[in-house]
Every structure is written in C-alpha cells, then in structure tokens.
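These notes are about the structure you will find just below.
Naming: A, B, ... by sequence-line order, numbering from 1 per chain. Just so you know, these numbers use all the heavy atoms, side chains as well, and skip hydrogens, waters and symmetry mates. All values derive from a computational prediction rather than experimental measurement.
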Number of protein chains: 2
Amino acid sequence: MAEGGSGSPGGESLLFLTDEQLRQGIEAMFFAYRGFTADPDRILAEHAYGRAHHRAIHFINRSPGTTVNNLLNILGVTKQSLNRVLRALIGDGLVESRVGTRDKRERHLYLTEAGDALEAELSIAQRARMRAAYRLAGPEAVRGFRTVLESMMDPEMRNRFHALKDAAP
Amino acid sequence: MAEGGSGSPGGESLLFLTDEQLRQGIEAMFFAYRGFTADPDRILAEHAYGRAHHRAIHFINRSPGTTVNNLLNILGVTKQSLNRVLRALIGDGLVESRVGTRDKRERHLYLTEAGDALEAELSIAQRARMRAAYRLAGPEAVRGFRTVLESMMDPEMRNRFHALKDAAP
DNA sequence: CTTGGAATGTCAACAAGGCTGACATAAAGT
DNA sequence: ACTTTATGTCAGCCTTGTTGACATTCCAAG
C-alpha cells in the first residue's frame with residue numbers, strides 16, 4: 001500500500017520482493033523461531049530455568065570472563081532483568097562472578113563445571129536441530145540463510161555478531 | 001561432543017556443518033529475530049499493545065473468519081492467554097467476533113476497519129525491513145533462507161505454514 | 001585530595017504474556 | 001433425557017521484561 005511492493009516488478013525478476021513473498025518470509029521466521037527454541041525450552045523447563053537463563057549461559061560460554069555490562073549490551077535487556085537471572089545462576093552454582101583485577105567495579109563471569117554441563121546439554125540439542133536443517137537444505141541454502149539473517153539485523157547487532165564471530169578460534 | 005559435528009568432515013565439503021558454523025547460525029537467528037521484531041515493537045508500544053496482539057492481528061488478517069481454536073493452534077499458546085489478547089482487541093474495536101452459524105460454539109474472528117489499519121501499519125513496517133534484507137541478499141540467498149527456515153520448523157508447524165501459503169491468492 | 005562520573009548491585013513496584021484450574025454453555029452422541 | 005466433548009471465559013500465579021531510587025566502589029580529572 002505505502003511502498004507498492006506488490007506493484008508490477010521491474011525489468012529484472014523482482015518477484016521475490018512481492019508483498020506476498022515477504023509475508024511468507026515473515027511467517028517462516030515466526031514458525032522457524034518456534035522450532036529454534038523448542039528443544040532448549042524443554043530442557044530448561046526440567047531445570048526450572050527460562051530462556052533468559054539460556055541466553056546468559058550461552059554468551060558467558062561464548063566469551064568467558066565477559067563483564068556484566070558487556071552481556072547487557074549483547075542481550076539488550078536492563079541490568080535489573082539480567083541481574084535477577086545472574087543471581088539465580090550464581091546462587092545455583094552455574095556461574096562464577098569474579099571481581100575484576102584491573103577494575104574492581106567490574107564482575108567477570110565464568111561458567112562453573114555445572115554451568116558448562118548445562119550449556120553443553122542445551123547447545124547440543126539446539127545444534128542438533130540446526131545441523132539437521134542445514135544438512136537438509138545444503139551448503140548453498142545455508143549461505144543464503146546467513147546472508148539474509150545478517151541483512152535483517154540492526155547495524156549495531158550486526159557489529160556485535162561479527163565481533164563474536166571474529167573472536168572465535 | 002555428543003554428535004561429533006566438529007570432527008573431520010567427510011569426503012564432500014561438510015565444513016558448513018561444524019559446531020562453530022552451527023553456533024554462528026544460532027547466534028544469527030537470535031540477533032536477526034531481534035531486528036525482525038524491532039519495528040513492530042516500536043509501533044505496538046505507541047498503541048499500548050504487545051507482540052501477542054500483533055500475532056493475533058496478523059493471523060486474523062491472514063485468515064479472516066478463523067475460529068479461536070484455529071488461531072490457538074497456529075499461535076501455540078493456551079486459550080486463556082489468547083483470550084486475554086482477543087478481549088482487548090475486541091474491546092478496542094479492532095477485532096469483531098461473530099458466533100458461528102453452522103456450529104454456534106465457534107467464534108469467527110474478523111478485523112474491523114480500525115484493526116485493518118493497525119495491521120497495515122505493522123506489516124508495512126515489518127515488510128520494509130524484510131524487503132531491504134531480501135533486496136540486499138538477492139533472490140538466490142532468499143531461496144536458501146526460506147529453505148533453511150522451513151527445515152528448522154517442527155513438522156506440525158511446517159504443515160500450518162504450508163496451509164497458510166496455499167490459502168493465499 | 002577531592003570530586004564527578006561510570007560500573008555494578010539491590011530493592012521495590014509494576015506490566016505483559018505465558019501457564020493451570022475451575023467453570024459455563026452449546027453441540028453431539030448414547 | 002443425560003452424558004460427554006468442544007469451546008470460550010474468568011481468576012490467579014509465575015517469569016521476565018520495564019522504571020525509578022539509591023548505595024557502593026572505583027577511576028580519573030581538576
């Protein structure tokens with residue numbers, strides 16, 4: 001209506017940009033995300049945790065020693081929200097919080113052995129779903145998948161995503 | 001660890017199935033979904049609604065006259081949760097609920113003019129983000145994107161997704 | 001050395017949107 | 001006619017997000 005995405009396509013094949021195609025993409029994102037979180041959600045429920053705990057555990061595992069503030073920016077929640085989750089994880093002995101040596105205001109976060117175990121349980125399940133989808137779709141499709149997802153991110157999030165990627169061995 | 005996704009790849013190029021690649025895909029999904037919902041979230045906040053309202057509005061628009069139970073299955077929430085959202089939308093005059101003629105137990109849901117207006121506002125914003133991402137990535141990547149997302153869905157959700165697709169003109 | 005600002009943590013209150021349980025009503029089956 | 005099933009509603013609880021206020025601790029600038 002406003003942008004005329006469903007108008008007559010130009011000379012090239014722009015049929016993949018019609019409103020109907022876009023709507024299907026939107027719905028695909030919705031349904032796929034449900035599948036994406038389904039397996040971890042089941043595991044988390046057994047441990048009386050939620051997605052918020054999963055996210056914290058994931059990114060602490062990804063960047064051991066990360067500060068609370070860094071985690072805050074990655075997760076995009078308030079410190080009060082994150083603090084509630086971290087308190088639970090620290091209290092349950094899954095996460096260790098060490099006062100910074102250089103800057104003692106900072107708390108550096110690490111997974112304990114128990115935290116590592118839960119992280120492994122969660123990520124193995126989530127990777128299994130991902131691996132099955134990747135295998136079924138093939139490498140070509142996976143490249144496209146990654147390309148579109150990156151284009152969909154806010155620029156700031158894209159930077160964080162790349163920073164994480166590049167930090168990996 | 002458990003499935004050995006990072007072991008030596010087979011004869012073909014299976015490097016896209018390494019744990020590291022899968023982890024990057026997982027993180028890409030997380031960050032992309034944030035972008036995916038960001039624009040609607042902003043609009044919804046102005047109207048004092050949330051994502052739950054958006055989802056209901058989207059699928060009522062997609063299948064006018066759908067029953068509450070059908071919507072329930074698509075959204076994957078309890079009827080009590082959905083009811084709270086529907087009551088608000090009906091009370092605010094965005095959705096109309098008509099008692100079924102054949103089976104009077106059913107309520108058939110329709111968007112009013114006002115509901116249509118909000119739906120348009122939301123979906124225009126969301127499609128704009130999607131369109132930009134699609135255009136940047138190109139048709140080939142979009143095909144891959146769609147393929148991987150479909151493979152990631154639970155089978156039941158994949159069926160619902162296809163049913164919606166095929167119902168479209 | 002003092003002070004301002006930044007990083008962290010805590011407490012309290014509140015809202016959105018999940019959930020379960022209890023229940024009313026209409027339709028369908030026996 | 002009575003029971004069962006399907007559907008929708010209401011009430012209450014929980015997680016996880018939000019703001020606001022405030023204490024603490026420390027670095028760094030004046």
Return whichever of A/Gly76 or B/Val68 has its heavy-atom-nearest nucleotide of DNA chain D closer to the 5' end.
B/Val68

Might you list the N or O atoms of the protein lying below 3.5 Å from N or O atoms in nucleotides 24-27 of chain D, with each pair's distance?
residue, atom, partner, partner atom, Å
D/dC27, OP1, A/Arg102, O, 3.0

Rounded to whole Å, how long is the line connecting atom CG of B/Leu89 with atom P of D/dT9?
13 Å

Does A/Gln80 contact D/dG20 through a side-chain donor or acceptor facing the base, at a distance under 3.5 Å?
yes

For A/His53, report the nucleic acid contact type (base, sugar-phosphate, nothing); a contact means any heavy atom under 4.0 Å.
sugar-phosphate

Considering heavy-atom distances to DNA chain C, does A/Arg87 or B/Ser81 have its closest nucleotide positioned more toward the 5' end?
A/Arg87

Where A/Ala38 and B/Asp154 come nearest, the two heavy atoms and their spacing
CB-OD2, 4.2 Å

With sequence neighbours left out, which residue pairs that include part of residues 30-49 of chain B fulfil the salt bridge (Lys or Arg N to Asp or Glu O under 4.0 Å) condition?
B/Asp39-B/Arg42, B/Asp39-B/Arg129, B/Asp41-B/Arg51

Please determine whether the number of non-hydrogen atoms from other residues, nucleotides or ligands lying under 6.0 Å from atom CD of B/Glu156 exceeds 12.
no

What does B/Thr67 touch in the nucleic acid at a heavy-atom separation under 4.0 angstrom: a base, only the sugar-phosphate, or nothing?
nothing

Output yes when at least one side-chain N/O atom of B/Asn83 is less than 4.0 Å from OP1 or OP2 of D/dT9, else no.
yes

Pair B/Glu119-B/His54, side chain to side chain donor-acceptor pair (under 3.5 Å): steps then yes or no
CA-CA 8 Å; B/Glu119 195 284 329; B/His54 184 188; over 6 Å; no

Parallel, tilted or perpendicular, as decided by the 30° and 60° cut-offs, for the rings of B/Phe59 and A/Phe31:
tilted

Rounded distance in Å - CG (A/Leu71) to P (C/dG9)
11 Å

Electrostatic pair B/Arg62:A/Glu27 at N-O distance under 4.0 angstrom
yes

Position toward the 5' end of DNA chain D (nearest nucleotide), B/His108 or A/Gly50
B/His108

Before giving the answer on side chain to side chain donor-acceptor pair (under 3.5 Å), spell out for A/His108 and A/Glu96 the whole-Å C-alpha distance, their side-chain angles and the decisive distance to 0.1 Å.
CA-CA 8 Å; A/His108 298 273; A/Glu96 192 190 349; over 6 Å; no

Whole angstroms only, please: what is the NZ-P distance between A/Lys79 and D/dG17?
16 Å

In whole angstroms, the gap separating P of C/dT10 from CG of A/Leu72 amounts to 14 Å

Can you find a side chain N or O atom of B/Thr78 that sits less than 4.0 Å from OP1 or OP2 on C/dC19?
yes

To the nearest angstrom, how far is A/Asp41 atom CG from C/dG18 atom P?
12 Å

Assess whether one donor atom and one acceptor atom, taken from the side chain of A/Arg84 and the base of D/dG17, lie less than 3.5 Å apart.
yes

Gap between atoms OH and P, on A/Tyr49 and D/dC14 respectively (whole Å):
18 Å

Between D/dG17 and A/Arg55, is there an OP1 or OP2 to side-chain N/O distance shorter than 4.0 Å?
yes

Presence of A/Asn69 side-chain N/O under 4.0 Å of C/dT8 phosphate oxygens OP1/OP2
yes

Interatomic distance, B/Asp92 atom CG to B/Arg87 atom CZ [nearest 0.5 angstrom]
12.0 Å

Gap between atoms CG and P, on A/Asn70 and C/dA6 respectively (whole Å):
18 Å

Figure out the CG/C1' separation between A/Leu86 and C/dG9, and round it to whole Å.
11 Å

